[in-house]
Each structure stands twice: as structure tokens, then as C-alpha cells.
Peer 1: 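Right, I'll just put the structure down here and ask away after.
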Amino acid sequence: QVQLMESGGGSVQAGGSLRLSCAVSKITSDRDCLGWFRQAPGKSREGVARITTGSGTRSYVDSVKGRFTVSQEKGTNIMYLQMNSLKPEDTAMYYCASDTSGDGCWSFRPEVYDYWGQGTQVTVSS
């Protein structure tokens with residue numbers, strides 16, 4: 001069983017920054033995939049960024065490229081999402097998730113991920 005806990009959400013004005021953290025209780029292999037997702041009211045959950053443990057290979061959805069950076073702190077089980085130049089359309093509940101299949105990161109489909117945190121709210125005002 002893997003547990004994840006997000007922190008760092010809040011309210012900012014457009015153009016501002018936030019850093020989200022995700023504490024992961026267990027990394028099962030260097031081919032786990034850790035991902036960040038978000039869900040706005042009335043919308044489906046979408047993948048935002050992901051990182052493969054071990055290799056550090058990262059991927060982003062087009063809407064956040066150049067603004068968001070996903071990272072994993074070396075020697076720890078903490079993943080971060082640095083969010084810069086925030087826009088009102090970034091407003092959502094943000095979740096971190098883990099795919100422990102050992103296949104690395106290959107999809108942003110939520111059903112691929114085994115374990116989820118409870119989420120942290122990000123609100124960006126114009």
C-alpha cells in the first residue's frame with residue numbers, strides 16, 4: 001500500500017507562483033511513475049506533469065509547458081510541482097498519484113495510476 005499526501009495549495013493572483021509538495025510513503029522501484037493531476041469543477045481529471053523515479057524523465061501537458069516544473073527531491077520520497085505564471089484557468093484541485101506497475105511513465109490516463117492523494121486546492125484570481 002502506498003500513501004500520498006499533497007500540500008502547498010492556496011490562493012494567488014494571476015502571474016503568481018505556488019509550489020506543491022507530495023509526500024509518498026513508498027517508492028516501490030526506480031520505474032515507478034509519479035504524476036500530478038488536476039480537476040476543475042464540472043471537468044474531468046487531467047494529467048499535468050509526471051516523472052519517472054530513478055531516471056527523472058519528465059513529461060508535461062501542453063497547457064503548462066514552460067510554466068510548471070515537476071521534480072523529485074534526491075534521497076527522499078517527495079515530489080514537487082513548481083507552478084509559475086499562474087493563470088485563472090489553472091484553478092483546480094490538484095492531486096498527486098503513483099503508478100507502481102514498474103513500466104515507467106507512459107500515460108496521463110488517471111486509470112493507470114494505482115494510488116492517489118486527497119488533493120490540495122489551487123485558486124488563481126484575475
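All residue numbers refer to positions in the sequence shown, counting from 1. These values consider heavy atoms only, across backbone and side chains, with no hydrogens, waters or symmetry-generated copies.
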Peer 1: Between T100 and S98, do the side chains contain an N or O donor and an N or O acceptor separated by less than 3.5 Å?
Peer 2: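 Note: T100 and S98 side chains miss the donor-acceptor criterion.
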Peer 1: Roughly how far, to the nearest 0.5 Å, is OG of S11 from CD of Q121?
Peer 2: 7.5 Å
Peer 1: Are M83 and V124 side-chain neighbours, meaning at least one heavy-atom pair lies under 4.5 Å?
Peer 2: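 Of all side-chain heavy-atom pairs linking V124 with M83, none is under 4.5 Å.
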Peer 1: Would you compute the distance between atom CG of L34 and atom SG of C105 and round it to the nearest 0.5 angstrom?
Peer 2: 7.0 Å
Peer 1: With rounding to the nearest 0.5 Å, note down the distance linking CE in M93 to CZ in F37.
Peer 2: 15.5 Å
Peer 1: Specify the closest pair of heavy atoms between S63 and R38, including all atoms of both residues, with the distance to one decimal.
Peer 2: OG-NH2, 3.5 Å
Peer 1: Find the distance between CG (L4) and OH (Y113) and round it off to the nearest 0.5 Å.
Peer 2: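 OH of Y113 is found 12.0 Å from CG of L4.
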Peer 1: Working to the nearest 0.5 angstrom, can you tell me the gap between D32 CG and M79 CE?
Peer 2: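 Here the interatomic distance stands at 11.0 Å.
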Peer 1: Do E73 and Y80 have side-chain atoms, one donor and one acceptor, less than 3.5 Å apart?
Peer 2: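 Yes, because at least one side-chain N or O of E73 sits under 3.5 Å from a partner of the opposite role on Y80.
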Peer 1: Provide the closest heavy-atom pair for L81 versus A49 in the form atom of the first, atom of the second, distance.
Peer 2: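 Looking at all heavy atoms of both residues, the closest pair is CD1-CB, 4.0 Å.
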Peer 1: Would you find a donor on one side and an acceptor on the other, under 3.5 Å apart, between the side chain of R58 and the backbone of I51?
Peer 2: no
Peer 1: Quick one: CH2 on W106 to CZ on R31, what's the gap to the nearest 0.5 Å?
Peer 2: 12.5 Å
Peer 1: Taking the side chain as everything from C-beta on, heavy atoms only, tell me whether F108 gets closer than 4.5 Å to E46.
Peer 2: no
Peer 1: Tell me whether the guanidinium CZ or amine NZ of R45 lies under 6.0 angstrom from the six-membered ring centre of Y95 and within 45° of its axis.
Peer 2: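 Yes, a cation-pi geometry holds between R45 and Y95.
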Peer 1: For the pair Y94 and F68, name the ring-plane relationship: parallel under 30°, tilted 30 to 60°, perpendicular over 60°.
Peer 2: tilted
Peer 1: Looking at D90 and R67, does any basic side-chain N land under 4.0 Å from a carboxylate oxygen?
Peer 2: yes
